[in-house]
Enquirer: 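Before I ask anything, here is the structure I am working with.
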Amino acid sequence: MATRKPRSARRNQVLSQERIIETAIELLDAGGEAAMTTRALTERLSTGSGGVGSRDELLDTVTEALVTAALAADSVTASSSPEDEIRTVALALFDAIAEHPWLASRLTQQVVRKPFGPVTVGIFERIGRQVGALGVPRASWFDAASTLVHYILGAVSQNTRIEGDTPDGSHNRETFLDATAVAWQQLDAEDYPFMHAVVSQMQAHDDREQFLNGIAVFVDGLSRLG
């Protein structure tokens with residue numbers, strides 16, 4: 001009697017959600033969203049397409065996993081001030097996107113398209129509680145929290161590679177800033193006195209510190225609404 005050949009243990013193995021997410025992140029980090037196709041993922045995992053689900057669902061899942069992990073890792077103590085908590089949440093998102101630049105667009109899409117999703121409600125809940133603790137009138141809570149969240153997302157997105165830049169990291173920040181400084185210096189000083197005055201500051205600025213300064217300005221403004 002003929003016997004069936006045993007399937008490979010690799011194909012018999014039930015893939016865990018953690019393994020699928022981990023592999024998807026590897027593809028995204030290496031080549032951006034364009035590299036994370038169902039075909040590429042199934043080839044990397046040596047499995048059929050039915051085992052990983054749809055690409056859009058997986059991108060949402062990966063985004064949720066990274067954001068949830070970032071916020072959980074950077075939680076603060078109960079005694080922390082509202083200002084400290086807002087900075088903690090903001091920096092958690094900033095650092096996560098700095099590590100995974102493709103996450104910027106996915107996170108923005110989650111907030112805009114899925115206001116009921118766990119990513120959006122998780123961010124808004126963490127930020128919104130602190131808005132109330134700062135003394136902002138209840139009637140202004142939504143506007144205040146929304147403005148702050150939009151600043152955070154806009155600022156962190158601006159510090160990632162723009163669409164079309166090479167995903168291998170060949171886009172060099174220092175070279176870009178040097179070229180920008182040269183272009184600003186060539187502007188007519190009488191027509192653009194401000195640009196000439198700040199060119200050296202622009203060239204030497206630290207993105208993370210600039211981001212924190214923006215958060216401080218927002219928090220100070222929110223505290224005055226009470």
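The structure presented is a predicted model; accordingly, all values stated were derived computationally and were not measured. For the numbers below, each heavy atom of this structure counts, side chains included, while hydrogens, waters and symmetry mates do not.
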Enquirer: Please check this pair: side chain of W141 against backbone of V131, looking for a donor-acceptor N/O pair closer than 3.5 Å.
Expert: no

Enquirer: If you apply the rule side chain to side chain contact (heavy atoms under 4.5 Å, CB included), what do you find for V89 with Q130, and how did you get there?
Expert: CA-CA 11 Å; V89 173; Q130 310 316 312; over 6 Å; no

Enquirer: For the side chain of R44 and the backbone of L27, is there at least one donor-acceptor N/O pair under 3.5 Å apart?
Expert: no

Enquirer: Given K114 and V119, is the side chain to side chain contact (heavy atoms under 4.5 Å, CB included) satisfied, shown in steps?
Expert: CA-CA 8 Å; K114 292 189 175 182; V119 169; over 6 Å; no

Enquirer: State whether E83 and R87 are salt-bridged, where the test is any N-O pair (Lys NZ or Arg NE/NH1/NH2 against Asp/Glu carboxylate O) under 4.0 Å.
Expert: no

Enquirer: Checking V62 against W102 for the side chain to side chain contact (heavy atoms under 4.5 Å, CB included) test, could you report, in this order, the C-alpha distance in whole Å, the side-chain angles of both residues, the deciding distance, and whether it holds?
Expert: CA-CA 11 Å; V62 170; W102 54 268; 3.5 Å; yes

Enquirer: Identify which one of L107, L93, L91 satisfies the side-chain contact (heavy atoms from CB on, under 4.5 Å) criterion when paired with I152.
Expert: L93

Enquirer: Do S157 and T108 touch side chain to side chain, with heavy atoms closer than 4.5 Å?
Expert: yes

Enquirer: Do any pairs count as a side-chain hydrogen bond (donor to acceptor under 3.5 Å, both in side chains) and have a residue in residues 174-188, sequence neighbours left out, and if so which ones?
Expert: N172-T175, D178-Q203

Enquirer: Quick one about D84 and S81 (side-chain donor to acceptor, distance below 3.5 Å, no hydrogens or angles considered), yes or no?
Expert: yes

Enquirer: Let me know which of L28, D29, T63 forms a side-chain contact (heavy atoms from CB on, under 4.5 Å) with H100.
Expert: D29

Enquirer: Can you tell me how far apart CE (M36) and CZ (R55) are? Round to the nearest 0.5 Å.
Expert: 5.5 Å

Enquirer: How many angstroms lie between atom CG of L212 and atom CG of D207, to the nearest 0.5 angstrom?
Expert: 11.5 Å

Enquirer: Using a cut-off of 6.0 Å, state whether more than 12 heavy atoms not belonging to F194 lie near its atom CZ.
Expert: no

Enquirer: Calculate, to the nearest 0.5 Å, the distance between atoms CG and CD1 belonging to L148 and I123 respectively.
Expert: 11.0 Å

Enquirer: Listed by chain and number, what are the ring-ring contact (aromatic ring centres under 6.0 Å, His included) partners of F124, not counting sequence neighbours?
Expert: none

Enquirer: Find out if a path of hydrophobic residues (ILVMFWY) with successive side-chain heavy-atom gaps under 4.5 Å connects V121 to I86.
Expert: no

Enquirer: With side chains defined as the heavy atoms from C-beta onward, is the minimum distance between T61 and Q17 less than 4.5 Å?
Expert: yes

Enquirer: For residues A155 and F211, report the shortest heavy-atom separation together with the two atoms involved.
Expert: CB-CD1, 3.6 Å

Enquirer: As an exercise, state the distance from CD1 of I21 to CD of E26, rounded to the nearest 0.5 Å.
Expert: 12.5 Å

Enquirer: How far does CD of E18 sit from CD1 of I20, to the nearest 0.5 angstrom?
Expert: 9.0 Å

Enquirer: Determine, using the 4.5 Å side-chain heavy-atom cutoff (strictly less than), whether V217 and Y151 are members of one ILVMFWY cluster.
Expert: no

Enquirer: If only atom types and distance count, is the side chain of S146 paired as donor or acceptor with the main-chain N or O of D143 below 3.5 Å?
Expert: no

Enquirer: Taking all atoms of both residues into account, what is the closest heavy-atom pair of A70 and A92, and its distance?
Expert: O-CB, 3.7 Å

Enquirer: Quick one: does any side-chain atom of T120 pair with a main-chain N or O of F116 as donor and acceptor, under 3.5 Å?
Expert: no

Enquirer: Applying a strict under-4.5 Å side-chain criterion to I, L, V, M, F, W and Y, I'd like to know whether V149 and V112 cluster together.
Expert: no

Enquirer: Looking at R129, I'd like to know if its CZ atom is crowded, meaning that more than 12 non-hydrogen atoms belonging to other residues, nucleotides or ligands lie closer than 6.0 Å.
Expert: no

Enquirer: Assess whether side chain to side chain contact (heavy atoms under 4.5 Å, CB included) is satisfied between T23 and R19, documenting all intermediate values.
Expert: CA-CA 6 Å; T23 304; R19 176 58 182 152; 3.3 Å; yes

Enquirer: For A24 and L41, work out which heavy atoms get closest and say how close.
Expert: N-CD1, 3.8 Å

Enquirer: Please report the interatomic distance CZ(R39) to OG1(T37), rounded to the nearest 0.5 Å.
Expert: 8.0 Å

Enquirer: Can you list every salt bridge (charged side-chain N to carboxylate O under 4.0 Å, His left out) pair that touches residues 98-112, not counting sequence neighbours?
Expert: E33-R106, D60-R106

Enquirer: Kindly say whether M202 contributes a backbone atom to a donor-acceptor pair with the side chain of H205 at under 3.5 angstrom?
Expert: yes

Enquirer: For atom CD of E43, decide whether the heavy atoms of other residues, nucleotides or ligands shown that lie under 6.0 angstrom number more than 12.
Expert: yes

